Amino acid sequence: MYDVSTEYGRAIFELALEENKDKLYLEQLREINKLLEENPEFIHLLYSLNIPLSERLQVIDEVFENRAEEYICSFMKLITERGYAAQIPECIKAFEKLYYKEHKITIAYVKSAVALTDGQKSALIKKLQIYSGKNVELDCTVEPKLIGGISVRIDGKLLEGSIKHKIDTIRSNLQKATL
């Protein structure tokens with residue numbers, strides 16, 4: 001099955017590798033994705049058939065000319081010309097996934113009762129790198145209902161160290177014991 005976002009994401013990633021600019025492309029594509037998330041009407045403009053293609057391509061030039069590498073601008077134009085502009089965010093996700101695989105990076109989704117300090121984050125990254133054997137990036141969220149401790153999801157595994165989880169486990173064990 002042909003998946004547009006995977007194919008275009010792979011194409012721009014392979015080009016980035018050839019140019020030895022994969023990190024730069026990742027940063028620029030993330031900025032583009034952020035812009036698209038903050039301005040969803042921009043995507044609509046790119047795939048709107050009510051606006052002539054030449055004008056849509058000109059908008060890409062005007063918006064991204066000094067913000068992105070030439071090949072990224074060309075990628076944006078190509079995907080717009082082919083009618084796949086709505087797929088740009090998914091293409092960027094595909095690029096990011098390939099980048100992470102190439103550089104052996106995994107994301108650890110961390111939930112904590114309070115915000116982690118920079119020191120705590122650094123210590124956690126070191127431990128998770130040893131655990132996973134990969135470079136680790138943290139995606140942290142605060143969830144006060146955890147009471148204390150942290151909950152980490154990495155590579156499809158849940159590492160539970162929250163006080164809420166410990167209380168729930170004790171409660172469950174007590175319920176089993178009284179049955």
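In what follows, residues are counted from 1 in the order of the sequence shown. Owing to the predicted nature of the structure, the values given are computational and were not obtained by experimental measurement.
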With a 3.5 Å cut-off and sequence neighbours excluded, list the donor-acceptor pairs that the side chains of residues 85-93 form with protein atoms.
| from | atom 1 | to | atom 2 | distance (Å) |
| --- | --- | --- | --- | --- |
| Glu90 | OE2 | Lys93 | NZ | 3.3 |

Anything under 3.5 Å between a donor and an acceptor, one on a side chain of residues 13-28, the other on a protein residue two or more places apart or in another chain? List them.
| from | atom 1 | to | atom 2 | distance (Å) |
| --- | --- | --- | --- | --- |
| Lys21 | NZ | Glu69 | OE1 | 3.0 |
| Asp22 | OD2 | His103 | NE2 | 2.5 |
| Gln28 | OE1 | Glu69 | N | 2.7 |

To the nearest 0.5 Å, how far apart are [atom1] in [X] and [atom2] in [Y]?
{"X": "Cys73", "Y": "Leu57", "atom1": "SG", "atom2": "CG", "answer": "11.5 Å"}
{"X": "Ile154", "Y": "Asp139", "atom1": "CD1", "atom2": "CG", "answer": "12.0 Å"}
{"X": "Leu29", "Y": "Lys34", "atom1": "CG", "atom2": "NZ", "answer": "15.0 Å"}
{"X": "Leu128", "Y": "Lys121", "atom1": "CG", "atom2": "NZ", "answer": "13.5 Å"}
{"X": "Leu116", "Y": "Thr141", "atom1": "CG", "atom2": "OG1", "answer": "9.5 Å"}

Are Val142 and Pro144 packed together at the side-chain level, in the sense that at least one heavy-atom pair is separated by less than 4.5 angstrom?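 A side-chain contact under 4.5 Å exists here.
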
Is any side-chain heavy atom of Glu81 closer than 4.5 Å to a side-chain heavy atom of Leu78?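 Touching, per the 4.5 Å side-chain cut-off.
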
What residues, two or more places apart in sequence or in another chain, satisfy side-chain hydrogen bond (donor to acceptor under 3.5 Å, both in side chains) together with [X]?
{"X": "Thr80", "value": "none"}
{"X": "Glu137", "value": "Tyr100"}
{"X": "Thr117", "value": "Gln120"}
{"X": "Gln58", "value": "Glu62"}

Please assess Val63 against Met76 for the test side-chain contact (heavy atoms from CB on, under 4.5 Å), listing each intermediate value before the final yes or no. CA-CA 11 Å; Val63 172; Met76 298 283 290; over 6 Å; no

Could you walk me through whether Leu98 and Arg10 satisfy the side-chain contact (heavy atoms from CB on, under 4.5 Å) test, starting with their C-alpha distance in whole Å, then the side-chain angles of each, then the deciding distance to 0.1 Å, before giving a yes or no? CA-CA 7 Å; Leu98 291 167; Arg10 180 185 329 277; 3.9 Å; yes

Do you know which two heavy atoms are closest between [X] and [Y], and how far apart they sit?
{"X": "Leu124", "Y": "Val110", "value": "CD2-CG2, 3.8 Å"}
{"X": "Ala94", "Y": "Gly9", "value": "CB-CA, 4.1 Å"}
{"X": "Ile32", "Y": "Ala68", "value": "CD1-CB, 4.4 Å"}

Go through the steps for Tyr84 and Glu7 under the test side-chain contact (heavy atoms from CB on, under 4.5 Å), then give the verdict. CA-CA 12 Å; Tyr84 298 126; Glu7 291 303 315; over 6 Å; no

Just checking Glu70: does its CD atom have more than 12 heavy atoms from other residues, nucleotides or ligands closer to it than 6.0 angstrom?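 Not more than 12 within 6.0 Å, no.
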
Is it true that atom CZ of Arg82 has more than 12 heavy atoms of other residues, nucleotides or ligands lying nearer than 6.0 Å?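 No - once you tally the heavy atoms of other residues, nucleotides and ligands closer than 6.0 Å, there are 12 at most.
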
With ring-ring contact (aromatic ring centres under 6.0 Å, His included) as the rule and sequence neighbours excluded, what pairs involving residues 55-76 come up?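 Listed by first then second residue: Phe42-Phe64.
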
Quick one: ring-ring contact (aromatic ring centres under 6.0 Å, His included) partners of Tyr109, sequence neighbours excluded?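 Tyr109 satisfies ring-ring contact (aromatic ring centres under 6.0 Å, His included) with no other residue.
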
Return the set of residues passing side chain to side chain contact (heavy atoms under 4.5 Å, CB included) with [X] (not counting sequence neighbours), or none when no residue passes.
{"X": "Lys101", "result": "none"}
{"X": "Lys134", "result": "Thr106, Ser132, Asp155"}
{"X": "Asp61", "result": "Lys77"}

If you apply the rule side-chain contact (heavy atoms from CB on, under 4.5 Å), what do you find for Tyr131 with Leu159, and how did you get there? CA-CA 11 Å; Tyr131 171 80; Leu159 309 174; 3.7 Å; yes

Let me have the donor-acceptor pairs involving side chains of residues 43-55, under 3.5 Å, with sequence neighbours excluded, atom names and distances please.
| from | atom 1 | to | atom 2 | distance (Å) |
| --- | --- | --- | --- | --- |
| His44 | ND1 | Tyr47 | OH | 2.7 |
| Ser48 | OG | Asn50 | N | 3.2 |

